[in-house]
Amino acid sequence: MPFVFVAPVGVDRLLTGVFLMLAVLGPLCTLGERSAVLTGAAVVHGVAGVGSIVAGDLITLLVCWELLTFSAFVVIRSAQPPQLRWQRGLSRRAALADTPVDASYWYVAAQIVAAVLFFVAAVTHYRYTGSLVVEALHPAAQVPIVLAVLVKTAMLPFHGW
């Protein structure tokens, strides 16, 4: 049964508290931008972060992960392009080469790779265990899930995006 949430225990309680605090502070920090879309993305990001921690099955975790992706896309895309590049004598095209819009699309491309790896891990885990419950993953599912986390969090050597 998908969309299962469980009460946090152990260190998950601390993480849940931190994410709940960020879920409140994130939207408050965006109020100065006067953008309902940006504030909404911050709210979704906070809720998805908490949902990721209390997810009881791999499908719920994947959905929360993807909500994090799309809310982060909105936040990245809404950033202001660097104005200093224009003052260095670069052409308009060269100055706009690394805009937040470009960065947001690279971000989503990397997140799609991470989502596919996560999905492969979930299917592999289900194939061997017959369950999607979040517990110790089957060893065959551990490599794709680790790769998914490395790509999603931009860890070395997957930080190029």
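These numbers come from a predicted model, not from an experiment.
- For the atom pair OH of Y126 and CG of D57, the computed distance is 12.0 Å after rounding to the nearest 0.5 Å.
- Counting all heavy atoms, side chain and backbone alike, G51 lies closest to C64 at C-SG, 3.5 Å.
- Of all heavy-atom pairs between L67 and V44, the closest is O-CG1, 4.2 Å.
- Atom CG of L15 is separated from atom CD1 of I53 by 5.0 Å, given to the nearest 0.5 angstrom.
- One hydrophobic cluster holds both I112 and I76 under the rule that ILVMFWY side chains link at heavy-atom gaps under 4.5 Å.
- Both V123 and I145 sit in one connected hydrophobic cluster of ILVMFWY residues. Membership requires side-chain heavy atoms under 4.5 Å apart, directly or through other members.
- Under a hydrophobic clustering in which Ile, Leu, Val, Met, Phe, Trp and Tyr are joined whenever their side-chain heavy atoms come within less than 4.5 Å, directly or via other members, V47 and F73 fall into different clusters.
- Put simply, the side chain of W65 does not reach to within 4.5 Å of the side chain of T69, judged on heavy atoms.
- Atoms OG and CZ, from S104 and R77 in turn, are 5.0 Å apart once rounded to the nearest 0.5 Å.
- Here the closest heavy-atom approach between residue G46 and residue A23 is recorded as CA-CB, 3.6 Å.
- The CD atom of E66 sits 10.5 Å away from the OG atom of S71 when rounded to the nearest 0.5 Å.
- T30 contributes atom OG1, which lies 5.0 Å from atom CG of L38 (distance to the nearest 0.5 angstrom).
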Given the rule in the side-chain contact (heavy atoms from CB on, under 4.5 Å) test, do H125 and L58 qualify, once you have shown the distances and angles that lead to the verdict? CA-CA 9 Å; H125 179 73; L58 293 171; 3.8 Å; yes
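- Across all non-hydrogen atoms, the minimal contact from V6 to A55 is CG2-O, 4.1 Å.
- Residues V54 and V43 are members of separate hydrophobic clusters, defined by side-chain heavy-atom contacts under 4.5 angstrom among Ile, Leu, Val, Met, Phe, Trp and Tyr.
- Taking each heavy atom of L68 and Y107 in turn, the nearest pair found is O-OH, 4.1 Å.
- Here the side chains of V37 and S78 are not in contact, with every heavy-atom distance at 4.5 Å or above.
- Using a 4.5 Å heavy-atom threshold, the side chains of F118 and L61 count as touching.
- Across A110 and V151, no two heavy atoms sit closer than the pair O-CG1, 3.2 Å.
- With values rounded to the nearest 0.5 angstrom, L147 atom CG is found 12.0 Å from Q142 atom CD.
- Following chains of ILVMFWY side-chain contacts shorter than 4.5 Å, one cannot reach V18 starting from V50, and the two form parts of different hydrophobic clusters.
- Annotation for F119: atom CZ does not count as buried by contact number, only 12 or fewer foreign heavy atoms lying within 6.0 Å.
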